[in-house]
Number of protein chains: 2
Amino acid sequence: MKSGITHIVDDDDAIRDALAWLLRSRGLTSRSWPSAEAFLGEYLPDMRGCLVLDIRMADMSGLELFDRLLALGCTMPAIFLTGHGDVPLAVQSLKKGAFDFIEKPCNDNELVDRVIAALALDHAQRKHAASTQSIEMRLRSLTAREREVMDRVLAGQYNKVIAAELNIAMRTVEVHRAHIFEKMDVKSAVELAQLLAGGQQD
Amino acid sequence: MKSGITHIVDDDDAIRDALAWLLRSRGLTSRSWPSAEAFLGEYLPDMRGCLVLDIRMADMSGLELFDRLLALGCTMPAIFLTGHGDVPLAVQSLKKGAFDFIEKPCNDNELVDRVIAALALDHAQRKHAASTQSIEMRLRSLTAREREVMDRVLAGQYNKVIAAELNIAMRTVEVHRAHIFEKMDVKSAVELAQLLAGGQQD
DNA sequence: GCGGCTATTGTGGATATCCGCAGGCGCCCC
DNA sequence: GGGGCGCCTGCGGATATCCACAATAGCCGC
């Protein structure tokens, strides 16, 4: 439930059912689609969990589906299943960011392990993304002027210097500075620097 | 020259020579070893460039060689060459951090391109590592007491609070603080925070 | 037009930081 | 035993930051 859903995309009914059954037997929730198009049609950015994609499908290869999902901003880890060992394809997939690339037939336990690991990765990624987004939200709540001041505060400039650069009174800079700290939910310039350097750039 | 050397490890004389010739014809410097052991015997941590490893070798697989090099702290990007398409091996290699995994016979241009890309990556990695190491150097030059103070400065504590916690006078904290800034080559706590958060943790 | 938001400025005081000047104590090495 | 180094401390002044109180002005939407 909380750990996310395993999204299975495979045009072979038997394999879909077998995978769904396997995952269900291990307490994992899954949902299946018979084609890449079917999945793309119902894909939503707030889906969470992982993907299990067949490489060889009628309408679109699993890799192409993955490409399209990436373009849509999907960050779910993808496990590719392939029937015929194609090394270049495996290499290509992994270099594009696939979580794993497994040859069929594969060991049930191994597959389940990989799915669990993928679900865990998704969970961790989302947790990390959440804090990053929280920071960006706060940054967006700053006014243009506040951002100008913040840049200079982060550059270690004194309020006096900032005031001179922006041609405003020092007092104004102090007010902006206080607003920035309040909005960014930090209590010092040091914390602000750590928040932005540790998370992302502005 | 500056871009580093391509280290070729393959137990097939003909392939080694062919690779060396190919690289040389494109202006790239290479050095060859006939076995994993031979390379390990002469490996030095300050080698720079990239690796081209045959997966299938008599004494040790290219992957195992890569493992050992990783254990030795080697960060050179590795390109694996394989004759027989083994998907699990390719997957394993890439997940361990291989730069690429190419099937033989392969296109000359493609291989050279990958080698050039690997050399570029190594160069970029080293540049980044250099700044990280510079930071660590400076951190190590701090005395134990200075580190204690620095931790608290980074936590945004006032000198007064730091002094109370360490049971020393505020003036002493100020002195330590000044020494820290001097040694870390920054001029404010903000810069210090950015330096450490942007580079690495302490 | 009133209210809300943003940007601006001023006064003045409480706190903090930054630094030079001066000095003491303990440890280790030559 | 002198000299270097790390650690500690005090004094005093120049600067900065933090903040409450108080106010003016433009823009925008209801």
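Below, chains carry the letters A, B, ... as their sequence lines are ordered, and counting in each starts from 1.
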* **Rounded distance in Å - CG (B:Leu142) to C1' (D:dG6)** => 13 Å
* Closer than 4.0 Å, any side-chain N/O of B:Thr172 to the OP1 or OP2 of D:dC7? -> no
* Whole-Å distance between D:dT17 C1' and A:Ile162 CD1? -> 12 Å
* Structure fact -> Comparing nearest nucleotides in DNA chain D, the 5'-proximal residue of the pair A:Val175, A:Ala189 is A:Ala189
* To do: By nearest nucleotide on DNA chain C, pick out whichever of B:Gln157 and A:Thr143 is the more 5' one.
  => A:Thr143
* To do: Check the pair B:Ser32, B:Asp10 against side-chain contact (heavy atoms from CB on, under 4.5 Å), reporting the backbone distance first and the verdict last.
  => CA-CA 8 Å; B:Ser32 301; B:Asp10 196 316; over 6 Å; no
* To do: Check the distance between C:dT6's P and A:Glu148's CD and give it to me in whole angstrom.
  => 15 Å
* To do: Establish whether the base of C:dG20 is bridged to the side chain of B:Arg171 by a donor-acceptor pair shorter than 3.5 Å.
  => yes
* Side chain of A:Glu146 only, please: which of C:dA7, D:dC8, D:dC21 is the nearest? => C:dA7
* Structure fact -> Picking from D:dT17, C:dT17, D:dC8, the nucleotide nearest the side-chain atoms of B:Arg145 would be D:dC8
* To do: May I have the distance from B:Ile168 (atom CD1) to D:dG6 (atom P), rounded to whole angstrom?
  => 16 Å
* Asked: Between A:Lys160 and A:Glu174, which has a closest nucleotide on DNA chain D that is more 5'?
  -> A:Lys160
* Would you call B:Arg171 and B:Glu174 a salt bridge, using N to O less than 4.0 angstrom? -> yes
* Value in whole Å for how far the P atom of C:dT6 lies from CZ of A:Arg177 -> 20 Å
* Structure fact -> For A:Phe66 and A:Met76 the tightest heavy-atom approach is CE1-O, 4.3 Å
* Whole Å only: how far is the CE atom of B:Met170 from the C1' atom of C:dC18? -> 10 Å
* To do: Could you tell me how the ring of A:His176 sits relative to the ring of A:His179: parallel (under 30°), tilted (30 to 60°) or perpendicular (over 60°)?
  => perpendicular
* May I ask you to verify if any side-chain N or O of A:His176 is less than 4.0 angstrom from the OP1 or OP2 atom of C:dT8? => yes
* Rounded off to whole Å, could you give me the CE-to-P distance for the B:Met150 and D:dG6 pair? => 16 Å
* Asked: What is the distance, rounded to the nearest whole Å, between atom CG of B:Leu166 and atom P of D:dG6?
  -> 18 Å
* Phosphate OP1/OP2 of C:dT17 contacted by B:Asn159 side-chain N/O (<4.0 Å) -> yes
* **Non-hydrogen atoms of A:Leu142 and A:Lys183 that approach each other most closely** => CD2-CD, 3.6 Å
